[in-house]
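To start, the structure under review is shown below, and the notes come after it.
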Amino acid sequence: MVSPNPVQAPPHIHALLTRLHQESTVQEEALGPYLTTTPAAFDALMRDKFIALDEDKCRFTYQLALATGARNIAEVGTSFGVSTIYLALAVGRNVARLGGEGRVIATEKESNKAARARAHWAEAGDELVARWIELREGDLLETLRGDVPLLDMVLIDIWAPVALPALKLLEPRMREGAVVLVDNSISSAERYKELLAHLRSPTGGYTNLTLPYSKGLEMSVWHGAATEG
Ligand SMILES: C[S@@+](CC[C@H](N)C(=O)[O-])C[C@H]1O[C@@H](n2cnc3c(N)ncnc32)[C@H](O)[C@@H]1O
């Protein structure tokens, strides 16, 4: 028996998510292994690509956000905003259940991608999705420097060189027990090796597990202490 979709949302949001995942999958299959010479060439190649988090991983992320009551989530790498929709749906439900405030801090450096993401969130609707998202446009190593609430969850779905610096930037704002998810921790283990070494170090402040999704999904729990500010 196939497991039902855990995501609770009206039909137009399910239709949107199905369409966006399909577009992303078709693009990635056409892309093949992407080897480019320079970071600039890589950025140019990726400027019109989704590279969305896989649908099953998005559903897991949504479930995890509900289970942990996550109300403040940082998304490191937003692109056209697919995984963001799942995070926003979960944050909205958690705020309705637990009270208080909550938001998904989304991050995207490409302005065309940020515009497409905003259009997708508008299509999903303000009530359930758009109102829960604060998109920070620009290099996230700058945009995440200030005004970060105490975080319950961090989703890292980003080009490898930015991943560890982004996590280190956010660690002082992560609550004890915050969950960090990193996509492609098996397939990109070499590119992510510094990040994974940090997450897996016995003295790094995390307990860590590699989830056996296609290409891997790293799930780490932070046991360090957030600092004020
Ligand atoms: C793998 S995609 C994110 C996919 C998204 N999580 C989803 O499921 O739809 C990574 C995105 O991070 C963006 N990015 C890469 N480096 C960045 C940086 N330094 N600051 C902000 N965004 C960056 C890229 O432009 C790209 O759109």
Side-chain angles (χ1 to χ4, degrees), residues 7 13 16-29 31 33-34 36 38-62 64-65 73-91 104-121 123-124 129-130 132-146 148 153-170 179-185 187-188 191-192 195 213-218:
V7 177
I13 295 182
L16 171 67
L17 290 172
T18 301
R19 189 184 91 217
L20 298 181
H21 280 297
Q22 273 168 0
E23 281 182 50
S24 181
T25 302
V26 168
Q27 263 188 350
E28 269 196 70
E29 282 170 1
L31 196 56
Y34 33 88
T36 43
T38 63
F42 182 75
D43 277 348
L45 178 67
M46 290 299 161
R47 207 152 279 140
D48 65 344
K49 307 293 185 302
F50 278 80
I51 320 287
L53 191 68
D54 292 343
E55 191 172 34
D56 55 354
K57 294 174 178 174
C58 282
R59 290 179 180 181
F60 171 75
T61 303
Y62 170 88
L64 192 61
I73 301 179
E75 182 184 59
V76 177
T78 290
S79 188
F80 297 149
V82 180
S83 50
T84 334
I85 294 176
Y86 292 83
L87 298 175
L89 287 168
V91 163
V104 180
I105 297 179
T107 54
E108 181 50 59
K109 67 175 180 172
E110 303 287 350
S111 56
N112 69 311
K113 294 185 131 186
R116 282 276 301 273
R118 283 203 177 91
H120 294 148
W121 303 333
E123 188 177 335
V129 173
W132 300 109
I133 302 168
E134 177 196 330
L135 175 59
R136 297 190 182 181
E137 269 191 68
D139 183 347
L140 59 85
L141 296 180
E142 294 303 323
T143 64
L144 289 178
R145 276 190 192 281
V148 176
M153 183 183 280
V154 176
L155 171 62
I156 298 183
D157 189 16
I158 191 79
W159 311 156
V162 190
L164 182 56
L167 180 62
K168 286 194 171 163
L169 198 56
L170 294 176
V179 176
V180 177
L181 295 174
V182 181
D183 193 26
N184 295 331
S185 60
S187 61
S188 297
R191 272 179 287 176
Y192 277 140
L195 172 70
Y213 281 96
S214 167
K215 301 185 182 174
L217 182 68
E218 205 74 2

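Remember, it's 1-based here, ligands and their atoms both numbered in the order they're listed.
- Taking every non-hydrogen atom of Ile51 and a distance limit under 4.0 Å, the qualifying atoms of ligand 1 come out as 1 (C), 2 (S), 4 (C).
- Residues Asp43 and Lys109 are paired through a salt bridge, judged by an N-O separation under 4.0 Å between the basic side chain and the carboxylate.
- Considering all non-hydrogen atoms of both residues, Ile13 and Ile85 come closest at CG2-CG2, 4.2 Å.
- Side-chain contact between Leu53 and Leu155 is present, with heavy atoms from C-beta onward closer than 4.5 Å.
- Within the listing of ligand 1, atoms 20 (N), 21 (C) sit less than 4.0 angstrom from a heavy atom of Gly138.
- Every heavy atom of Cys58 sits 4.0 Å or more from the atoms of ligand 1.
- The side chain of Lys113, and not its backbone, has at least one atom closer than 4.0 Å to an atom of ligand 1 (non-hydrogen atoms only; side chain from C-beta on).
- Of all the heavy atoms of Thr78, the ones lying under 4.0 Å from any atom of ligand 1 belong exclusively to the backbone.
- Looking at every heavy atom in both residues, Lys49 comes nearest to Gln27 through CA-OE1, 3.3 Å.
- Of all the listed residues (Ser79, Pro165, Ala160, Ser83), Ser83 holds the heavy atom that lies closest to atom 7 (C) of ligand 1.
- Nearest to atom 13 (C) of ligand 1 by heavy-atom distance, out of Glu108, Lys109, Arg47, His21, is Glu108.
- Regarding atom 23 (C) of ligand 1, its nearest protein heavy-atom neighbour is Ile158 CD1, 3.4 Å.
- Residue Val162 places no N or O, backbone or side chain, under 3.5 Å from any N or O of ligand 1.
- Minimum heavy-atom separation, Ala65 to Ala90: CB-CB, 3.6 Å.
- With atom 10 (C) of ligand 1 as the reference point, the heavy atom nearest to it among Asp157, Asn184, Leu140, Leu20 is part of Asp157.
- Heavy-atom contacts of Ala52 reach the following atoms of ligand 1: 7 (C), 8 (O), 9 (O) (cutoff under 4.0 Å).
- For Val82, a nitrogen or oxygen atom sits less than 3.5 Å from a nitrogen or oxygen atom of ligand 1, counting backbone and side chain alike.
- Using a cutoff of 4.0 Å between basic side-chain nitrogens and carboxylate oxygens, Glu108 and Arg116 are not scored as salt-bridged.
- In this structure, the side chains of Leu45 and Leu31 come closer than 4.5 Å at one or more pairs of heavy atoms.
- Those atoms of ligand 1 with a heavy atom of Trp159 less than 4.0 angstrom away are 1 (C), 10 (C), 15 (C), 16 (N), 24 (C), 26 (C).
- The two atoms that bring Leu181 and Phe60 nearest to each other are CD2-CE2, 4.2 Å, heavy atoms only.
- Between Phe50 and Ser79 the shortest heavy-atom distance is O-OG, 2.8 Å.
- A perpendicular orientation is assigned to the rings of Tyr86 and Tyr62, their planes being inclined by more than 60° (bins at 30° and 60°).
- Residue contacts with ligand 1, taken as heavy atom pairs separated by less than 4.0 Å, involve Glu110 solely via side-chain atoms from C-beta onward.
- Residue-ligand proximity, Leu53 to ligand 1, at heavy-atom distances under 4.0 Å covers atoms 7 (C), 8 (O).
- The protein heavy atom nearest to atom 19 (N) of ligand 1 is Asp139 OD1, 3.0 Å.
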